[in-house]
2 protein chains.
Amino acid sequence: MYFIKKQFIYLRKNLFGSTFTPLNLDMKNTKPTIHDISKVLNIDSSTVSRALNNSPRVSKKTKDLILKKAEELGYQKNTLASNLRTSKTNTIGVIVPRISRNFFSSVISGIEETGYKGGYNVVIGQTFDNLEREQKLVSTFLSNRVDGLLISISMETTDYEHLENYKKNGGPIVFYDRPVSLKDCPSITINDFEASYKATKHLILKGCKNIVHFSGVQKINLYKNRKEGYFSALKEYNIPIREEYVFEAKLSEEDGIEFAKRILKMKHIDGIYSANDTAAISAIQYLKSNGIKIPKDISVVGFNNDPISAVIEPSLTTINQPDFEMGTIACSLLINLIENKNIQVQNLSKILTSELIVRNS
Amino acid sequence: MYFIKKQFIYLRKNLFGSTFTPLNLDMKNTKPTIHDISKVLNIDSSTVSRALNNSPRVSKKTKDLILKKAEELGYQKNTLASNLRTSKTNTIGVIVPRISRNFFSSVISGIEETGYKGGYNVVIGQTFDNLEREQKLVSTFLSNRVDGLLISISMETTDYEHLENYKKNGGPIVFYDRPVSLKDCPSITINDFEASYKATKHLILKGCKNIVHFSGVQKINLYKNRKEGYFSALKEYNIPIREEYVFEAKLSEEDGIEFAKRILKMKHIDGIYSANDTAAISAIQYLKSNGIKIPKDISVVGFNNDPISAVIEPSLTTINQPDFEMGTIACSLLINLIENKNIQVQNLSKILTSELIVRNS
DNA sequence: TAATAAAATACAATCGATTGTATTTGGTTA
DNA sequence: TAACCAAATACAATCGATTGTATTTTATTA
């Protein structure tokens, strides 16, 4: 029996073209498996597996033998098989609105850094702020058995069934930047309220009386909090709160231009606090091209500290967020949840602090 | 036998807490499989599998029955098992120097777009221009049995063993932006030579006589080609080629500043042609802060058409590349290679055309 | 109605690694 | 040297879906 097996291997390795080759199929799949190693060395595949995983149940002598042969044959573990058996993929799914936004790509870098250190692969998907895409991504991640999910929800997301489904059948979820209050799902966010308060106060102290606020979709807590912070500063300085001073949109470049047009019509606006830099910057450009002097006529504060904000003239006063750090913290928290199933999820959420960067706008 | 099986299912589904439950293990893994459907309906699992894959070998009647029950049980295919059996993952691996660069995130968007349309998941990894990271990523993609690879190599990559290994044991490779001449691996690039020629010519026609060139690592063809294009324009206008006018580095922000310092020392430089916008922009800023007028004293042309290039003052003349398109073309070519194993790989490479965008620098 | 073809379904092996249990080997003690 | 224990290894089931082959059922024709 042993001899036959050994001979079989021999044929397989050396007589490809020969008529003696058992099956042509063998030519396709030349990748060696633990069974190949097992047959060549006449050692059971279970021992081979244990040796490759450095189990204490295998003697050093056979371990060396197996490792050497594995190297020699160019063996590489078939992760698919391993994952199937252990029902663990060592993969983290990341869902992000769009990677082209500097803030998000920095968060991703933080996530990857921590993920790789912890032995996890990181898989990234973009939603482009589209709900359908988000659902599809979550579903893909679920059927690919990603061990856990890091997500910043899309602007269109109001229904959380896909997330609840993942939580139930997939694994833990950690929200970052744009949280959702879902049972047992912690979130890593920044102190939007305080940051907004500081930003608005900065404008007030510079003498602005009529400050508009560029805001995003209110279903996203982050934008609500930023609006509240803006209100709170106005209140403190006895400036009347006027709902018509709050502009809502997706805060794209086009939205910024749209808002700038509105401001020109309103005539008496002297301050802008925008919930992101993208809209602030396009608004500044439009206003400048229409003869408005920044900051003489209108002062502007943005949010995110995009690289462009330092380059535009005048350079943009904005809020800097600990983006990379947000990624590392969210990721290590998620890994913690994946590996310690019985952890208490209460009080795991974290609010990071951001800072106002005063520039020339 | 049948009855026992059926009863087993019954226990499993309804008597969780009961002492009659066969095994506690069952409580962990509640995700239904085709075997669960098979048992409940008393239909063989092979038929269930075929029904779910809409095989013509199953009658419409049983198909409906199975699909309904699958829906009812909340069945979701275990992709791991499927992938293991078919040894296909329907996944494309993308390796990118860094996603934070606008050019690359646009390429990725193009790749995702095409990938999803073709039924492929897209997995992204960043190298940060580090060889070790690149090798690790390729190895991870290989052992995760990604169906094909799209890669823009890192600046440190001079040895291609990891890629050859993937090609041999993994699947097809398509290069984009930064190609490597590896057997049977086509590439999608842009006409760097012509674009550079045009950019340099533009500076010459504006009256520049002493034009320096910011270049990248010469091992990367792209930078070599851009340098050649620059030389070729100089030659055509009988401007002496001076090797000391070519600055080489990784073209980071810091490199741009470093280069600007050199230019200040050289005194007589009146033109800069940079192989990317990042370095061009930081150089402009440094030069401006040192009293140089752009473009009066020194004219500048960049490469990439980063969003910042339109915002900086003066706005930067640069080369716009069809980034999104590069992604879609590279991806559909790769899918083609994955699905048609016997395709002729000759002449599949493609060179896209880019255009000079004249602004105020 | 019997014979036959075609359609529908069941059987069983497989993908490659993991892991609980059983068996063998080698060393130690009485 | 027999008895015993621990270390090392082998056996066999399993993860969940797929797929070639065999069998059963149904429909069709003579």
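Sequence lines set the chain letters: A, B, ... in the order given, protein chains first and strands last, and positions in each chain run from 1.
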State whether [X] places a side-chain N or O below 4.0 Å from either non-bridging phosphate oxygen (OP1 or OP2) of [N].
{"X": "A:Ser49", "N": "C:dT18", "value": "yes"}
{"X": "B:Thr47", "N": "C:dA10", "value": "yes"}
{"X": "A:Thr62", "N": "D:dT9", "value": "yes"}

| task | Would you give the length of the straight line joining atom CG of A:Leu137 to atom CG of A:Leu142, rounded to the nearest 0.5 angstrom? | result | 12.5 Å
Separation of atom [atom1] in [X] from atom [atom2] in [N], rounded to whole Å:
{"X": "B:Ile66", "N": "C:dA10", "atom1": "CD1", "atom2": "P", "value": "8 Å"}
{"X": "A:Leu84", "N": "C:dT14", "atom1": "CG", "atom2": "P", "value": "17 Å"}
{"X": "B:His35", "N": "D:dA17", "atom1": "NE2", "atom2": "P", "value": "7 Å"}
{"X": "A:Leu41", "N": "D:dT9", "atom1": "CG", "atom2": "C1'", "value": "14 Å"}
{"X": "B:Arg50", "N": "D:dA17", "atom1": "CZ", "atom2": "P", "value": "15 Å"}
{"X": "A:Arg85", "N": "C:dC15", "atom1": "CZ", "atom2": "P", "value": "17 Å"}
{"X": "B:Asn78", "N": "D:dT14", "atom1": "CG", "atom2": "P", "value": "17 Å"}
{"X": "A:Ile43", "N": "D:dC11", "atom1": "CD1", "atom2": "P", "value": "12 Å"}

| task | Would you check if the side chain of A:Ser38 reaches a backbone N or O of A:Ile43 as a donor-acceptor pair within less than 3.5 Å? | result | yes
| Short side-chain to backbone donor-acceptor contact, B:Ser332 and B:Thr328, under 3.5 Å | yes
| query | Does A:Lys68 come within less than 4.0 Å of A:Asp64, counting only side-chain N to carboxylate O? | reply | no
| field | Name of the residue among B:Val48, B:Leu52, B:Thr47 meeting side-chain contact (heavy atoms from CB on, under 4.5 Å) with B:Val58 | value | B:Thr47
| query | Is there a donor and acceptor pair, one atom on the side chain of B:Thr86 and one on the base of C:dC15, closer than 3.5 Å? | reply | no
| If you look at every strand shown and take non-hydrogen atoms under 4.0 Å, does B:Ser82 touch a base, only sugar-phosphate, or nothing? | sugar-phosphate
| said: Considering every strand and a 4.0 Å limit on heavy-atom distances, what is the contact class for B:Leu80: base, sugar-phosphate, or nothing? | reply: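 Counting heavy atoms under 4.0 Å across all strands, no contact is made by B:Leu80.
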| field | Strand contacts (DNA chain D) in residues 52-61 of chain B, 4.0 angstrom heavy-atom criterion | value |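 Listed by number, they are B:Asn53, B:Arg57.
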| query | So which pairs with a foot in residues 142-151 of chain A pass salt bridge (Lys or Arg N to Asp or Glu O under 4.0 Å), sequence neighbours left out? | reply |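 Qualifying pairs: A:Lys88-A:Asp147.
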| Is the closest side-chain donor-acceptor distance between B:Ser55 and B:Asn53 under 3.5 Å? |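 The criterion, which ignores hydrogens and geometry beyond distance, is not satisfied for B:Asn53 and B:Ser55.
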| Upstream residue (5' side of DNA chain C) when B:Ser45 and A:Asp44 are each assigned their closest nucleotide | B:Ser45
